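Below: one structure, written as structure tokens.
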Amino acid sequence: MMIEHDPAVRAVEATLFASEAPMTIEQIRAYVGEEVDVPGALGKLEEHYQGRGVELVKRGKTWHFQTAADLAHLLRREREESRKLSRAAVETLAIIAYHEPVSRAEIEAIRGVQISKGTLDVLMEAGWVRPAGRREVPGRPLIYATTGEFLTHFGLASRRDLPGLSDLKAAGLLDPVDLALEGLQGLSAVESGDMPEEGESELEIGEESA
Amino acid sequence: MMIEHDPAVRAVEATLFASEAPMTIEQIRAYVGEEVDVPGALGKLEEHYQGRGVELVKRGKTWHFQTAADLAHLLRREREESRKLSRAAVETLAIIAYHEPVSRAEIEAIRGVQISKGTLDVLMEAGWVRPAGRREVPGRPLIYATTGEFLTHFGLASRRDLPGLSDLKAAGLLDPVDLALEGLQGLSAVESGDMPEEGESELEIGEESA
Amino acid sequence: MGLDEDLEFEAGESAPPEVADDSERLTIDIDGWEGPLDLLLTLARTQKVDLRQISILQLVEQYLGFIENARALKLELAADYLVMAAWLAYLKSALLLPKDPEIDPSPEELALRLQLRLERLNAMRESGARLMARDRIGRDIFTRGAPEGLRVVRTTAWDCNFFELISAYGQIQARNAPVMHVVKRRAVMTLEEALDRVSAMLGHALDWTQLEAFLPPDAEPALRRSALASSFLAMLELAKQGRVELQQEANFGPLMVKSRAGAKA
């Protein structure tokens with residue numbers, strides 16, 4: 001017997017299923033009609049799909065359906081691995097994500113080495129990084145930030161979900177050296193602070209990726 | 001609260017969702033494992049999705065998800081755009097209106113310029129021109145005439161309401177000075193078509209998600 | 001390349017691997033480093049303590065030892081590795097010497113700076129590895145494999161008004177109308193007319209008179225230009241006949257005419 005389903009929920013479900021890319025609420029509304037309560041339907045769908053093989057997730061401002069993370073072992077595709085990022089690209093991506101917006105010079109200051117030409121290009125080509133205007137300092141350098149696609153790809157609901165972000169902040173590890181130095185005045189290099197042990201922040205990641 | 005879902009159902013659901021093509025039971029089993037009751041899981045899924053925005057369907061021996069047929073209209077969004085008729089199209093339309101029925105060769109003879117296939121297509125798409133049989137001469141060329149819609153659009157009761165040559169002359173519309181000033185501008189021997197560019201029907205989402 | 005591979009952050013690992021404490025491999029691998037700071041960080045990790053507790057002195061020794069080894073093996077070292085080596089040698093001596101309050105920044109501050117930089121680089125390296133290890137779309141998690149796709153169907157409302165229609169037809173007709181060339185009559189004064197006119201007027205010009213005075217006073221510009229040219233020719237003809245004298249003070253100056261006294265018999 002067929003159950004009567006909420007037409008708004010059905011419409012939003014069908015639209016998101018058919019879409020080739022994640023959609024914002026406004027984009028969904030353009031398809032299902034102005035009169036449909038899209039956020040309400042998304043809420044119902046999110047709840048309905050919870051724990052199923054397919055989930056409805058929100059990444060940044062966009063929504064999409066994806067397979068449940070715990071089924072990765074069934075579906076994992078090794079061929080995607082062929083395009084592995086270089087170490088320089090991974091570090092640069094992390095620096096942009098945790099410090100954004102950030103200029104090239106600031107990235108280079110953290111890495112202690114110049115960025116080779118291809119590194120930022122690769123990240124932009126992947127759609128994870130974009131230029132985000134210029135810093136209003138002499139020379140007006142371009143600054144870079146991550147994209148919505150970055151959040152989608154790495155399964156982050158927002159930048160606040162970056163692994164270990166709060167620990168890094170609390171430990172001052174996202175502050176520039178000069179600023180950190182001011183805070184540590186009087187402490188010698190050998191002295192250890194009373195900061196959390198490194199191991200603690202690693203535990204959290206295991207939880208998040210579940 | 002998370003409901004406990006059947007692991008077999010979840011696995012089959014995720015596998016079919018992620019697949020780029022419909023799958024047979026054997027193909028699904030290759031992903032989810034030999035021990036899984038695939039037909040049983042498919043049966044449960046079929047029932048679960050019945051009446052939702054997405055349906056599980058069987059075609060021959062293969063299974064796949066698809067958006068509910070009755071919602072297909074949602075996946076096409078219509079957008080009307082007003083476009084100016086090209087000069088070639090206006091002239092062609094005028095010739096058809098004054099000389100109908102005319103063949104393409106006759107139109108070209110009157111215009112003194114070749115017309116591209118796209119030009120007649122645009123006029124037919126606009127609903128102002130229709131094929132009106134064939135001229136019984138060697139080669140039996142198609143002949144064209146205007147439509148009732150044409151009369152409606154231009155506010156004419158009949159084709160006899162079109163101003164005659166003497167009227168045009170009196171209105172200064174046959175004045176060669178006009179010709180010298182603007183008449184030949186932009187006319188070339190072979191005109192480009194007036195068809196919309198190919199890229200235009202692209203996915204909206206792709207454009208907007210940037 | 002063994003060490004380099006160790007440093008490659010494999011997907012699935014939540015933290016960078018510990019570097020093997022194998023000094024032989026350290027001396028051989030030189031290409032895999034992403035600059036002196038990267039090398040320093042790797043060396044620091046061999047101390048197997050929290051970065052906040054590393055011995056900077058020991059690290060300096062490790063680095064200088066590495067550079068020495070590389071030189072002994074005649075490996076090519078990029079300039080910034082050598083600059084770092086020189087700076088670290090200075091830092092080492094400053095740390096070992098009795099404290100000199102005059103020196104600013106103090107060697108301790110320099111050491112602390114180095115340690116902070118290593119911590120920051122390390123934090124980003126670990127974060128990058130954690131990011132890469134997440135469940136990623138297309139590798140661990142999948143979006144729909146065969147989405148129907150959403151389409152925007154653009155329909156075009158063609159725009160053309162009645163005036164455009166009939167004026168287009170008018171222009172076609174005008175373009176096709178047989179073209180007849182008619183040369184318009186232009187106002188001219190012939191040489192004969194000019195001769196008659198100037199001859200008749202000469203009797204009144206006993207004094208030097210400007211050529212322009214002989215032109216018809218109310219002529220249109222086109223006729224006036226023609227009259228000027230033909231009157232000039234007429235004057236030359238009359239001068240040739242000895243009936244007038246011509247005079248011009250300068251190039252392009254006014255051309256003066258005078259009836260020759262007694263010439264007219």
Side-chain angles (χ1 to χ4, degrees), chain A residues 1-24 26-33 36 41 44-45 47-56 59-62 64-77 127 130 147-149 152, chain B residues 1-20 23 27-33 36 38 41-42 44-56 64-79 202-210:
Chain A
M1 211 213 75
M2 193 181 285
I3 309 144
E4 269 309 307
H5 288 286
D6 180 344
V9 171
R10 288 187 77 224
V12 173
E13 186 180 30
T15 303
L16 272 181
F17 248 79
S19 175
E20 283 154 351
M23 295 176 89
T24 64
E26 288 69 35
Q27 287 170 336
I28 297 169
R29 194 172 280 136
Y31 283 87
V32 299
V36 172
K44 284 178 195 165
L45 281 171
E47 199 180 320
H48 173 83
Y49 277 94
Q50 209 169 52
R52 298 194 62 87
V54 173
E55 293 170 342
L56 178 64
R59 301 287 180 245
K61 288 179 179 171
T62 61
H64 70 273
F65 282 109
Q66 64 178 32
T67 57
D70 66 314
L71 299 173
H73 63 284
L74 296 178
L75 306 168
R76 189 165 284 139
R77 287 171 204 178
R130 66 183 163 89
T147 62
E149 273 175 87
T152 301
Chain B
M1 211 211 76
M2 195 180 283
I3 310 143
E4 270 309 309
H5 287 287
D6 181 344
V9 172
R10 293 185 74 227
V12 173
E13 186 180 31
T15 303
L16 268 183
F17 172 84
S19 173
E20 283 157 19
M23 296 174 95
Q27 285 169 332
I28 298 170
R29 195 172 278 138
Y31 279 90
V32 300
V36 172
V38 176
L42 284 170
K44 285 180 194 166
L45 280 173
E46 197 176 13
E47 196 181 323
H48 173 82
Y49 277 97
Q50 208 167 54
R52 299 195 60 89
V54 174
E55 289 167 350
L56 180 64
H64 69 275
F65 282 114
Q66 68 177 30
T67 53
D70 66 312
L71 296 176
H73 65 278
L74 289 179
L75 312 185
R76 284 163 48 94
R77 186 148 65 93
E78 303 234 341
R79 182 186 274 183
E202 260 180 3
L203 233 198
E204 179 80 7
I205 300 158
E207 292 166 3
E208 286 181 1
S209 65

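Worth saying up front: this structure is predicted, and the values here are computed from it rather than measured. Chain A is the first sequence line, chain B the second, and so forth, proteins listed ahead of strands; every chain is numbered from 1.
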Shortest non-hydrogen separation from T67(A) to A14(B) and the atoms involved | CG2-O, 3.7 Å

What residues, two or more places apart in sequence or in another chain, satisfy side chain to side chain donor-acceptor pair (under 3.5 Å) together with R52(A)?
-> E13(B), H48(B)

Checked L71(A), V54(A), T147(A) vs chain B; the most non-hydrogen pairs under 4.5 Å come from V54(A)

Closest heavy-atom pair and its distance - Y31(A), L75(B) | CE2-O, 3.8 Å

With sequence neighbours left out, the residues meeting side chain to side chain donor-acceptor pair (under 3.5 Å) with Q66(B) are H64(B)

Residue selection (most heavy-atom pairs with chain B, distance under 4.5 Å) from G127(A), A30(A), A18(A), P7(A) = A30(A)

Greatest number of non-hydrogen atom pairs under 4.5 angstrom with chain B, of A11(A), G148(A), G33(A), falls to A11(A)

Gap between atom CZ of F65(A) and atom CZ of F65(B) - 0.5 Å precision = 10.5 Å

Could you tell me the separation between the CZ atom of R10(B) and the CD atom of E55(A), rounded to the nearest 0.5 Å?
-> 7.0 Å

Part of V12(A) lying under 4.5 Å from any heavy atom of chain B | neither

Contact part of L45(A) toward chain B, heavy-atom cut-off under 4.5 Å: side chain, backbone, both or neither?
-> side chain

